[in-house]
Amino acid sequence: PEDRYITQHIAAGLGKLKKLGVAIGPDGERMAHAAIAYLDRQMDHDYRELLRAKADMTKKHISYLERHYLYGRSFFADIPVTDGHTASFDYWKKQAATYWLEETPYMTALTATALNRFGDGATAARMIASLKERAITSDELGMYWKENMGGYYWFQFPIEAQAALIEAFEEVGKDRESADKMKTWLIKMKQVQNWRTTKATADAVYALLSGGSDWFAGTKLATVTVGGKKAGPTEGEPTPEAGTGYFKTSWPGAQVTPAMAQVTVQNPNPGPAWGALYWQYFEDLDKITAAQSPLSIERQILREKRADSGAILEPITDQTPLTIGDRIVVRLILKVDRDMEYLHLKDGRPTGTEPVEVLSGNDYRDGLWLYRVTTDTATNFFIHRAVKGTYVLEYRLTVTLAGTYSAGIATVQCLYAPEFAAHSAGMKLTAQ
């Protein structure tokens, strides 16, 4: 059966292809004209239904669907509105220009682009100014809006929203600098998240191609200097990966010097470049100090005691004596500075303890859905998605052996962006 939203999506997609200079051919042109005629009729039907219901036409009646229609229709402003539908078309344009202050950044961007193409550049410019005032700017993450954190409905999708905002700032605001900052956010999110639909990927590619400066113009490699010496592919090592310029360089321990803590990166291209440095070393587990990236993990070990008022948790240090049979609680405090997907949290279990919960399974902890796996030496948490924030995970152990032993460390890492990793500090436990 016919589907209005999908038709609007296809019509907008054809319009984007034309804007990028891609020839859609005679069949594509016929498809576009047929789609526009159908959408004009649907838009007019909405208007007629309001008249039939004797609604107050001065109040807000425009929905996400009509705003999306105006956006898709704006790619084909050269195609006249179907005969008899001019009054309804003008009505929805007026509604879009009147009621926008309470809209999401996504809908505001779509509306601004559409109105600008239909000749109302003044209202579109006010929308862009409002969007810029509400934006969040970060040196690392670029420019984004806190409202674009996602949801279940098509008008809440963050990738499509950011793509629409890039287009609006480029086309309406002529603000290439802001568009580049928004493109930075787009690809930084791809670093730690999945563009889970073809629609999101298509919109993101369109935004990267059409908005801001041409990031694809530069083909030179970034120059990385470590300790005053250029780092890069040397004879016998693989050449940089075509397209991405990826390369890897390593130094054995004997070559590592304090001067190598000074790292500089020079990027000759208009687009961003990034990399990561990993320092691998051997150390006793109880002497390891905490390290963090955009991820951080803190581990606390608490002893559980019973009192008349219920269970009491008291912190444990290296000097706290435990006894066989004591119940201890491992508390993991995970902090994420941006939305991330596919995280693996591994907590090395203290020697001389056994887990209370031994069966693997799905779990829900502090707003976080995860899958827990208990092995002989560690407890693993596989997290599909973690929204920006702080999470507290806990599990219980029983002390089974006397002695002084390492309590291990907790490590968390983003599976597809391994440079996003953190681990807790180590400590000792003593049981009598």
Side-chain angles (χ1 to χ4, degrees), residues 1-17 19-20 31-32 35-36 38-43 45-47 49 60-76 92-93 95-96 99-117 124 127 131 134-135 144-172 182-183 185-187 189-190 193-211 339 341 369 384-385 387-388:
E2 63 185 33
D3 189 300
R4 179 178 176 181
Y5 167 68
I6 293 299
T7 304
Q8 290 180 179
H9 167 53
I10 293 173
L14 291 171
K16 291 174 182 177
L17 288 174
K19 185 180 176 184
L20 291 174
M31 186 191 306
I36 293 302
Y38 162 74
L39 294 174
D40 283 352
R41 292 194 300 270
Q42 295 300 309
M43 172 273 303
H45 174 75
D46 292 348
Y47 175 70
E49 283 296 301
K60 179 182 177 181
H61 296 290
I62 190 169
S63 69
Y64 301 122
L65 201 59
E66 282 84 24
R67 292 186 187 277
H68 189 252
Y69 157 78
L70 290 172
Y71 171 73
R73 186 67 170 79
S74 68
F75 285 101
F76 302 93
W92 292 121
K93 277 201 305 180
Q95 282 268 303
Y99 299 102
W100 60 269
L101 283 173
E102 296 181 358
E103 290 295 339
T104 63
Y106 185 12
M107 288 299 111
T108 305
L110 293 183
T111 305
T113 302
L115 291 178
N116 185 65
R117 292 171 180 171
M127 292 180 178
L131 287 169
R134 291 182 280 157
Y144 61 100
W145 286 259
K146 65 179 180 180
E147 296 93 333
N148 284 357
M149 293 297 105
Y152 294 102
Y153 302 103
W154 68 267
F155 47 82
Q156 298 173 322
F157 294 162
I159 302 302
E160 290 90 327
Q162 189 76 356
L165 286 155
I166 292 171
E167 182 182 30
F169 271 74
E170 170 73 17
E171 188 171 326
V172 181
M182 287 185 276
K183 287 166 65 174
W185 183 90
L186 198 63
I187 61 172
M189 291 304 102
K190 183 65 175 71
Q193 294 181 27
N194 171 26
W195 290 345
R196 53 179 42 84
T197 66
T198 52
K199 183 177 183 298
T201 303
D203 281 355
V205 170
Y206 170 72
L208 293 172
L209 288 172
S210 62
D339 292 1
E341 295 179 343
W369 289 101
H384 175 70
R385 178 176 176 81
V387 178
K388 177 181 177 180

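Residues Asp40 and Arg73 have side chains in contact (heavy-atom distance under 4.5 Å, counting atoms from C-beta outward). Considering only heavy atoms from C-beta on, Arg67 comes within 4.5 Å of Tyr99 through its side chain. Put simply, the side chain of Gln42 does not reach to within 4.5 Å of the side chain of Leu65, judged on heavy atoms.
Partners of His45 by ring pair (Phe, Tyr, Trp, His ring centres under 6.0 Å), not counting sequence neighbours: none found. Remark: Tyr71 engages Phe75 in a ring pair (Phe, Tyr, Trp, His ring centres under 6.0 Å) (not counting sequence neighbours). Partners of Leu101 by side-chain contact (heavy atoms from CB on, under 4.5 Å), not counting sequence neighbours: none found. With sequence neighbours excluded, the residues that form a salt bridge (Lys or Arg N to Asp or Glu O under 4.0 Å) with Arg385 are Asp339, Glu341. Among residues two or more places apart in sequence or in another chain, the salt bridge (Lys or Arg N to Asp or Glu O under 4.0 Å) test is passed with Lys199 by Asp203. For Glu102, there are no side-chain contact (heavy atoms from CB on, under 4.5 Å) partners, not counting sequence neighbours. With sequence neighbours excluded, the residues that form a ring pair (Phe, Tyr, Trp, His ring centres under 6.0 Å) with Phe169 are Trp145. Remark: Glu147 pairs with no residue by the salt bridge (Lys or Arg N to Asp or Glu O under 4.0 Å) rule, at least two apart or across chains. Among residues two or more places apart in sequence or in another chain, the salt bridge (Lys or Arg N to Asp or Glu O under 4.0 Å) test is passed with Glu167 by Lys19, Arg117. Residues satisfying the side-chain contact (heavy atoms from CB on, under 4.5 Å) criterion with Asn116, sequence neighbours excluded, are Ala124, Glu171, Val172. In this structure Ala202 satisfies the side-chain contact (heavy atoms from CB on, under 4.5 Å) test with no other residue, sequence neighbours excluded. Considering only residues two or more places apart in sequence or on other chains, Tyr5 meets the ring pair (Phe, Tyr, Trp, His ring centres under 6.0 Å) condition with His68, Trp154.
The nearest pair of heavy atoms linking Ala168 to Ala109 is CB-O, 3.8 Å. Across Tyr106 and Phe155, no two heavy atoms sit closer than the pair CD2-O, 3.5 Å. Across all their heavy atoms, Ile36 and Ala11 have their closest contact at CD1-CB, 4.5 Å. Closest non-hydrogen pair, Ile62 versus Trp92, comes out as CA-CZ3, 3.6 Å. Counting all heavy atoms, side chain and backbone alike, Ala12 lies closest to Gly72 at CB-CA, 4.1 Å. Taking each heavy atom of Leu186 and Trp195 in turn, the nearest pair found is O-CZ2, 3.7 Å.
Residue Leu39 holds its CG atom at 11.5 Å from CD of Glu66, rounded to the nearest 0.5 Å. Between the CG atom in Leu165 and the OG1 atom in Thr104 there is a gap of 8.5 Å [rounded to 0.5 Å]. Atom NZ of Lys93 sits about 11.0 Å away from atom OG of Ser74, to the nearest 0.5 Å. To the nearest 0.5 Å, the span separating CG on Asn194 from NE2 on His384 amounts to 7.5 Å. Leu115 contributes atom CG, which lies 7.0 Å from atom CG of Leu70 (distance to the nearest 0.5 angstrom). For the atom pair NE2 of His9 and CG of Leu14, the computed distance is 10.0 Å after rounding to the nearest 0.5 Å.
In this structure, Lys388 places its NZ atom where only 12 or fewer heavy-atom neighbours from other residues, nucleotides or ligands lie under 6.0 Å away.
Side-chain N or O atoms of Lys183 include one that pairs as donor or acceptor with a backbone N or O of Gly211 at under 3.5 Å. Judged by distance alone, the side chain of Gln162 and the main-chain N or O of Met182 form a donor-acceptor pair under 3.5 Å.
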Worksheet entry | Test side-chain contact (heavy atoms from CB on, under 4.5 Å) applied to Met107 and Trp100, step by step | CA-CA 8 Å; Met107 288 299 111; Trp100 60 269; over 6 Å; no
Item to complete: Carefully, step by step, assess Ile159 and Thr197 under the rule side-chain contact (heavy atoms from CB on, under 4.5 Å).
Response: CA-CA 10 Å; Ile159 302 302; Thr197 66; over 6 Å; no
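Remark: Lys60 engages Glu103 in a salt bridge, criterion side-chain N to carboxylate O under 4.0 Å.
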